[in-house]
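Input: a single structure, listed below in structure tokens.
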Amino acid sequence: MENQKILNGSLLARKIMKNLAVNIDFYTRKNKLRKPALCTILVGNNSASEIYINIKNKQATNIGITNINFNFNKEISEKELINLISKINRDPQIDGILVQLPLPRQIKTEKIFETIIPSKDVDGFHPNNVGLLSIGKPIFVPCTPKGCMVLLKSINVNLIGKNAVIVGRSNIVGKPMAQLLINSGATVTICNSKTKNLKDFTRNADILITATGIPHLIQADFVKPNSVILDVGISRLANGGITGDVDTYAVLPLIKAITPVPGGIGPMTLAMLMKNTWIAYKKYYLNLSS
Ligand code: NDP
């Protein structure tokens with residue numbers, strides 16, 4: 001019974017990928033076109049980023065997306081990186097650009113986001129795409145919040161009139177998540193590290209989305225009975241495993257559904273990256289409207 005409350009993000013992500021693979025194969029074969037191509041830029045040698053990119057490469061290849069990878073040492077200057085991105089922006093063989101975060105200190109992340117041409121911004125971080133999302137007309141939605149919304153839809157959560165509380169206000173998770181929930185008719189509260197009495201807010205959440213990276217911040221007394229919880233946080237444990245922001249086994253008897261870590265939002269994020277690459281290819285290479 002309790003196990004049925006655990007939302008299997010890996011399974012849903014696999015279904016989405018399978019569907020994408022069929023579509024990619026159909027369009028490219030039928031029209032004798034090149035495959036969609038995703039370019040990934042990694043600066044430095046962060047081992048977590050390297051693992052993520054290897055998984056991403058494997059999954060992209062499996063569904064017929066071509067990988068182009070650039071790997072620079074951490075000394076690269078902001079100007080060099082901008083020049084490279086400008087070149088990729090003009091390359092008609094590339095549909096999507098992903099710059100792996102974090103970047104070294106000499107490079108301003110916002111400047112890099114602004115350099116990626118909006119039509120290849122599969123992460124949805126360019127100010128144009130951020131603006132389109134905020135007025136409810138998104139093209140590229142950031143992959144993690146997009147994955148959260150797809151998961152909620154998969155279990156038929158009606159967001160209209162619901163209290164949604166987001167813990168974390170980053171530009172890549174918390175803020176776009178809030179926009180998506182607002183656009184879906186939820187009443188949205190965003191908390192941060194300065195929020196006083198966090199549980200006063202979270203206990204009121206029909207939908208709780210937490211993205212802090214603080215292991216087990218959310219305990220049983222933080223949750224509303226029968227709520228749905230999406231645990232975005234990822235923290236590395238001393239034994240090499242990973243855990244989320246929520247003490248899953250403490251909250252499980254109370255709540256309706258929760259995403260596990262690992263196997264919840266992580267695989268959905270990757271699936272959405274592939275989906276956004278496919279959207280870029282269809283919209284700007286095939287000139288199809290949806
Ligand atoms: P950031 O560090 O940019 O943001 C963390 C947010 O959490 C900040 O807004 C911070 O508040 C808030 N916060 C920190 N401590 C508390 C606290 N005690 N109470 C309330 N709020 C708090 O991280 P990201 O948004 O990039 O990522 C968040 C987590 O999600 C990380 O663990 C990351 O690894 C994971 N992640 C997982 C993904 C996935 O695919 N599953 C994808 C992306 C991220 P303040 O702004 O005041 O500092």
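Order of appearance sets the numbers: ligands from 1, and atoms from 1 within every ligand.
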Check: Closest non-hydrogen protein atom to atom 10 (C) of ligand 1, residue and atom name please, with distance?
Finding: Ser193 N, 4.1 Å
Next item on the list: Report yes if some N/O of Thr212 lies less than 3.5 Å from some N/O of ligand 1; otherwise report no.
Entry: no
Check: For ligand 1, which atoms, with element, lie under 4.0 Å from some heavy atom of Asn192?
Finding: 11 (O), 19 (N), 20 (C), 21 (N), 22 (C), 47 (O)
Check: Under 4.0 Å from ligand 1, counting heavy atoms only, is it the side chain of Thr144, its backbone, both or neither?
Finding: side chain
Check: Which ligand 1 atoms, with their elements, are less than 4.0 angstrom from a heavy-atom of Gly266?
Finding: 40 (O), 41 (N)
Check: Do we see a donor-acceptor contact under 3.5 Å between the side chains of Lys56 and Thr40?
Finding: yes
Checklist line | Presence of salt bridge, Asp206 and Lys224, under 4.0 angstrom | finding: yes
Check: Do you reckon Ile229 sits in the same ILVMFWY cluster as Leu12, going by side-chain contacts under 4.5 Å, direct or chained?
Finding: no
Notebook entry, point to check: In terms of side-chain heavy atoms, does Thr243 have a donor or acceptor partner in Ser235 at a distance below 3.5 Å?
Noted result: no
Note to self: Between Thr212 and Asp245, is there a side-chain donor-acceptor contact under 3.5 Å, judged purely by atom types and distance?
What the structure shows: yes
Next item on the list: List the closest protein heavy-atom neighbour of atom 18 (N) of ligand 1: residue, atom name, distance to the nearest 0.1 Å.
Entry: Leu217 CD1, 3.9 Å
Margin query: Strictly by ring-ring contact (aromatic ring centres under 6.0 Å, His included), give each pair with a member in residues 28-48 just once, sequence neighbours left out.
Written below: none
Notebook entry, point to check: Which of these, Ile172, Ile166, Val261, has its nearest heavy atom closest to atom 26 (O) of ligand 1?
Noted result: Ile172
Notebook entry, point to check: Considering distance alone, does some N or O of Ser170 sit under 3.5 Å from an N or O of ligand 1?
Noted result: yes
Notebook entry, point to check: Does Cys191 come within less than 4.0 Å of ligand 1, judged by its heavy atoms?
Noted result: no
Check: What atoms in ligand 1 come closer than 4.0 Å to a heavy atom of Gly168?
Finding: 6 (C), 7 (O), 9 (O), 12 (C)
Notebook entry, point to check: Is ligand 1 under 4.0 Å from a heavy atom in the side chain of Val232, in the backbone, in both, or in neither?
Noted result: both
Next item on the list: Go through ligand 1 atom by atom and flag the ones less than 4.0 Å from a non-hydrogen atom of Ala211.
Entry: 5 (C), 6 (C), 7 (O), 28 (C), 29 (C)
Checklist line | Student check: side-chain heavy atoms of Ile41 and Gln100 closer than 4.5 Å | finding: no
Checklist line | For atom 33 (C) of ligand 1, the option (of Ile218, Ile234, Thr210) bearing the nearest heavy atom | finding: Ile234
Next item on the list: With heavy atoms only and a cut-off of under 4.0 Å, state how Val173 meets ligand 1: side chain, backbone, both or neither.
Entry: side chain
Note to self: Taking ring pair (Phe, Tyr, Trp, His ring centres under 6.0 Å) as the definition, give me every residue that meets it alongside Tyr281, ordered by chain and number, with sequence neighbours left out.
What the structure shows: Trp278, Tyr285
Check: In terms of residue, atom name and distance, what is the protein heavy atom nearest to atom 9 (O) of ligand 1?
Finding: Arg169 N, 2.8 Å
Check: In ligand 1, which numbered atoms sit nearer than 4.0 Å to a non-hydrogen atom of Thr269?
Finding: 39 (C), 40 (O)
Checklist line | Sub-4.5 Å side-chain heavy-atom contact between Ser227 and Lys256 | finding: no
Next item on the list: Just jot down the ligand 1 atoms closer than 4.0 angstrom to any heavy atom of Ile214, in number order.
Entry: 15 (N)
Notebook entry, point to check: Are side-chain N/O atoms of Glu80 and Ser77 paired as donor and acceptor at under 3.5 Å?
Noted result: yes
Check: Does the pair Arg34/Asp95 count as a salt bridge with the N-to-O cut at 4.0 Å?
Finding: yes
Note to self: If we count only non-hydrogen protein atoms and require a distance under 4.0 Å, does atom 36 (N) of ligand 1 qualify as touching the protein?
What the structure shows: yes
Notebook entry, point to check: Between Asn287 and Lys282, do the side chains contain an N or O donor and an N or O acceptor separated by less than 3.5 Å?
Noted result: no
Note to self: List ligand 1 atoms under 4.0 Å from Val167, heavy atoms only on the residue side.
What the structure shows: 20 (C), 21 (N)
